Amino acid sequence: MKKIPSDFTYSKYGLTCRLVREEDASFILQLRTDPKLSQFVHKVDNDLQAQIDWIREYKRREERGEDYYFIYFSKNGPIGVNRLYNITETSSTSGSWICKKGSLIEESLATSFILSEIQSLFDIHSGPFNVSKGNNQVVKFHLSMGAEIIEENDIEYTLRYNREKYLKAKNKYILLFNLNNESK
């Protein structure tokens, strides 16, 4: 596993991705306090300073290679975020995936694909992840991408990707949504 540098950027599928900075706090807070967008993520108070403080603490985990929080930009500005956390030599958890209202499906797909590509670039192994049972659209997406439910309780599913199925589904979506066209 290689550490992701603090100045990391990645551009593909018409998006640019980088690690979250303090200046992103307002955008992240908008996503995380929007009742529709945030219904399946951990609740936060609508407190900008608390979000900035959280990012400062996150940056310490980032320096240790324990947690990476990404923000994605289209030509029109920021569109979403997601994270890799609980990172060990053999596993990581992905989550905190939110795209703003009005994001194109292609953009949402691209944020997921980019996160997977970043994992490959830095030899960060994908591990199990949780999705709330009521988050039907996201559960359906992950299943369509080759994830398998390996556990469940009253609140959530635990899923894990089958790499071969994931790559096959990813290629299908790239063709279906013409994501190879970098000029989007």
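Model, not experiment: these values are computed from the prediction. Every heavy atom of this structure was used, including side-chain atoms; hydrogens, water molecules and symmetry mates were not.
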**Asked** What is the minimum heavy-atom distance between Ala110 and Tyr13, and which atoms define it?
**Response** CB-CB, 3.6 Å
**Shared hydrophobic cluster, Met145 / Ile174 (ILVMFWY, side-chain heavy atoms < 4.5 Å)** = yes
**Prompt:** Can you tell if the side chain of Tyr72 reaches within under 4.5 Å of the side chain of Ser108, non-hydrogen atoms only?
**Reply:** no
**Prompt:** Other than Val44, what residues sit in its cluster of Ile, Leu, Val, Met, Phe, Trp and Tyr side chains whose heavy atoms are under 4.5 Å apart, directly or through others?
**Reply:** Leu29, Leu48, Ile52
**Prompt:** Among side-chain atoms of Gln30 and Asp34, is any donor-acceptor pair under 3.5 angstrom?
**Reply:** no
**Request:** Start with the C-alpha distance between Lys3 and Tyr68, add both sets of side-chain angles, then the distance that settles side-chain contact (heavy atoms from CB on, under 4.5 Å), and finish with yes or no.
**Result:** CA-CA 10 Å; Lys3 195 169 166 237; Tyr68 296 108; 3.3 Å; yes
**Message:** Strictly by ring-ring contact (aromatic ring centres under 6.0 Å, His included), give each pair with a member in residues 28-50 just once, sequence neighbours left out.
**Reply:** none
**Fill in**
Of all heavy-atom pairs linking Ile28 and Val81, the shortest is CG1-CG1, 4.1 Å
**Item:** Non-hydrogen side-chain atoms of Cys99 and Glu107 separated by less than 4.5 Å
**Value:** no
**Prompt:** Any link between Ile155 and Ile150 through a network of hydrophobic side chains (Ile, Leu, Val, Met, Phe, Trp, Tyr) touching at under 4.5 Å?
**Reply:** no
**Fill in**
Between the CD1 atom in Ile124 and the OG1 atom in Thr88, the distance rounded to the nearest 0.5 Å is 10.5 Å
**Asked** Would you say the side chain of Leu19 lies within less than 4.5 Å of the side chain of Lys59, judging by non-hydrogen atoms?
**Response** yes
**Message:** With rounding to the nearest 0.5 angstrom, report the CD1 to CG distance, Ile79 to Leu31.
**Reply:** 9.5 Å
**Asked** Just how far is it from atom CG of Leu143 to atom CD of Glu148, taken to the nearest 0.5 Å?
**Response** 9.0 Å
**Heavy-atom side-chain proximity of Arg61 to Tyr69 below 4.5 angstrom** = no
**Message:** Within this structure, what is the CD-CG distance for the pair Gln51 and Asn46, rounded to the nearest 0.5 Å?
**Reply:** 10.0 Å
**Prompt:** In terms of the angle between their ring planes, are Phe141 and Tyr173 parallel, tilted or perpendicular, with boundaries placed at 30° and 60°?
**Reply:** tilted
**Request:** Work out which heavy atom in Gly146 is nearest to a heavy atom in Lys165; give both atom names and the distance.
**Result:** CA-CB, 3.7 Å
**Asked** How about Arg163 and Ser120: does a side-chain donor come under 3.5 Å of a side-chain acceptor?
**Response** yes
**Asked** In Å, rounded to the nearest 0.5 Å, how long is the span from CZ of Arg160 to NE2 of His142?
**Response** 14.5 Å
**Request:** Could you tell me whether Asp24 and Arg21 have a side-chain N and a carboxylate O separated by less than 4.0 Å?
**Result:** no
**Asked** Can any side-chain N or O of Lys12 pair as donor or acceptor with the backbone N or O of Leu179 at less than 3.5 Å?
**Response** no
Distance-only donor-acceptor pairs under 3.5 Å for side chains of residues 128-140, two or more places apart:
residue	atom	partner	partner atom	Å
Asn130	OD1	Thr158	OG1	2.7
Lys133	NZ	Glu152	OE1	2.6
Lys133	NZ	Asn153	O	2.8

**Message:** In this structure, would Leu167 and Leu175 fall into the same cluster of hydrophobic residues linked by side-chain contacts under 4.5 Å?
**Reply:** no
**Message:** If hydrophobic clusters are built from ILVMFWY residues whose side chains come within less than 4.5 Å, do Leu104 and Leu109 share one?
**Reply:** no
**Message:** Just so I know, are the side chains of Trp97 and Phe70 near enough to count as touching, which here means a heavy-atom distance under 4.5 Å?
**Reply:** no
**Asked** Counting only N and O atoms by type, is there a donor-acceptor contact under 3.5 Å from the side chain of Asn171 to the main-chain atoms of Lys168?
**Response** no
**Min side-chain heavy-atom separation Arg32-Ser96 under 4.5 Å** = yes
**Complete:** Closest non-hydrogen contact found for Ile98 with Leu37 is CG2-CB, 4.0 Å
**Request:** Taking the six-membered ring for Trp and the full ring for Phe, Tyr or His, determine whether the centres of Phe122 and Phe8 are under 6.0 Å apart.
**Result:** yes
**Sub-4.5 Å side-chain heavy-atom contact between Glu62 and Ser6** = yes
**Asked** Going only through I, L, V, M, F, W and Y residues with side-chain contacts under 4.5 Å, is there a path from Trp54 to Val41?
**Response** yes
**Prompt:** Which atom names give the shortest non-hydrogen contact between Leu115 and Asn82, and what distance separates them?
**Reply:** CD1-OD1, 3.6 Å
**Prompt:** Is it true that atom CD of Glu164 has more than 12 heavy atoms of other residues, nucleotides or ligands lying nearer than 6.0 Å?
**Reply:** no
**pair Ser144-Lys172: side-chain heavy atoms closer than 4.5 Å** = no
**Item:** Point-to-point distance, once rounded to the nearest 0.5 Å, from CG of Leu121 to CD1 of Ile4
**Value:** 8.5 Å
**Prompt:** Got a donor-acceptor contact below 3.5 angstrom from the Tyr10 side chain to the Ile118 backbone?
**Reply:** no
